[in-house]
Amino acid sequence: MMMSCQAWPEPVVRVQALAESGLSSIPSRYIKPRSQRPTTTNTNTNTTSVAYPQVSQTEDDHSDVNINIPVIDLQSLSSGEDIALQEETLQRVAEACREWGFFQVVNHGVSHELMRNARELWREFFDQPYELKEEYANSPNTYEGYGSRLGVSKGAILDWSDYFFLHYMPPSLRNQDKWPTLPLSLRKVISEYGEEVVKLGGRMLELMSRNLGLKEDYLMNAFGGENEIGGCLRVNFYPKCPQPDLTLGLSAHSDPGGMTILLPDDFVSGLQVRKGNHWITVKPLPNAFIINVGDQIQVMSNAIYKSVEHRVIVNSNKDRVSLAFFYNPKSDLLIEPAKELVTKERPALYQPMTYDEYRLYIRMNGPCGKAQVESLTSPIR
Ligand code: OGA
Ligand code: NI
């Protein structure tokens, strides 16, 4: 059922241009239903939440709860000396994947200068005139290029953000002609950044495999191997918004792919992660990456690891830029729970499906919480 779509259902409006036009109220197509707005205290489902200390909400802090996602220092894993410390680091990664689906890593091996540079150059890209950016205008067919919406349903309520999307892996899909020529060093920096982040992703797959009790190359093989994995970069640009309480920069969703390695803005927070009935605002540490489990790892781990819902809030003072690198399985492989993790007591929770088939759903419908991965649950036990 490969469908694709050549054109957006409505004329594309750049959110950045709307924001720059100085309007004081946002157009109705960006106004979310009340239950989805950022200031609602609880999420709108019935899941009972784990008990966390409740703090009162303030105007600047939309989080319900004053805790951060786990922060994990990966240093011990590269120095290779202190075995006890390595074991502890592994355990912390395992716990974060099980309990949160999200964590920050520091001492991850990627050059801090490269991270800063990449974010700065992408900011410069978005600061350029629209005529120049429009040369890269994307279509829903591959999403590659400059875009302003996810999903093609006509009349959908849209998110308050623009983005640039590009393919990095496998090398056969990497087409630099589709990457911005300006600022001048951007292409070179994307290449270097992609290479480093792909290495980090490979290391994380190894850690997760070991933690799941699988061979350390299990997940990498299930993803198709180093040269075949998929890797895409989406650079998100969240413009200032005159009515941040009515909209979202990115609606609640789980990431459809394998794992996401996010470089957040260094000054402006906005990412919120769901924990039970609460939305936790992530406080990024300097030079850290935020890593999260995607739907495909949830499936391969037979739901031992969770791909957790998250969303982005915007604010009226500052634009925000983030670089989301999606580390994905080869797109035509069947993805299914690891045999080793399927037992009588815990049967396979998901039916096999290729990532190509899977991502069509989000490409057509846009972000929609965890509805998709849940629809994969096998009807037969
Ligand atoms: C994403 C995403 C979070 C952010 O791009 O899928 O969740 O902080 N981004 O921009
Ligand atoms: Ni996401």
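Hydrogens, waters and symmetry mates are skipped; everything else that's a heavy atom, side chains included, is used. Nothing fancy with the numbering, it's 1 onward along the sequence. Numbering of ligands and ligand atoms starts at 1, following listing order.
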* Does Trp122 have its ring centroid less than 6.0 Å away from the ring centroid of Tyr146? -> no
* Structure fact -> So the angle subtended at the Ni ion (ligand 2) by Asp255 atom OD1 and His310 atom NE2, rounded to 10 degrees, is 90°
* Any link between Val93 and Leu285 through a network of hydrophobic side chains (Ile, Leu, Val, Met, Phe, Trp, Tyr) touching at under 4.5 Å? -> no
* Ion pair Glu134/Arg14, N-O distance below 4.0 Å -> yes
* To do: Kindly determine whether Glu88 and Arg92 satisfy salt bridge (Lys or Arg N to Asp or Glu O under 4.0 Å), including the steps that lead there.
  => CA-CA 6 Å; Glu88 190 187 321; Arg92 298 206 57 216; 5.6 Å; no
At less than 3.5 Å, what protein N or O atoms come close to the N or O atoms of ligand 1? Include the distances to 0.1 Å.
unit_1, atom_1, unit_2, atom_2, d
ligand 1, 5 (O), Arg234, NH2, 2.9
ligand 1, 5 (O), Asn236, ND2, 3.1
ligand 1, 6 (O), Arg234, NH2, 3.2
ligand 1, 6 (O), His253, NE2, 3.1
ligand 1, 6 (O), Asp255, OD1, 3.2
ligand 1, 7 (O), His253, NE2, 3.2
ligand 1, 7 (O), His310, NE2, 2.9
ligand 1, 8 (O), Arg320, NH1, 3.1
ligand 1, 8 (O), Arg320, NH2, 2.9
ligand 1, 10 (O), Asn236, ND2, 3.4
ligand 1, 10 (O), Tyr238, OH, 2.7
ligand 1, 10 (O), Ser322, OG, 2.6

* Does the distance from a Lys or Arg side-chain N to an Asp or Glu carboxylate O, for Asp159 and Arg311, drop under 4.0 Å? -> no
* Asked: Quick one: ring-ring contact (aromatic ring centres under 6.0 Å, His included) pairs with a partner in residues 238-271, sequence neighbours left out?
  -> His253-His310
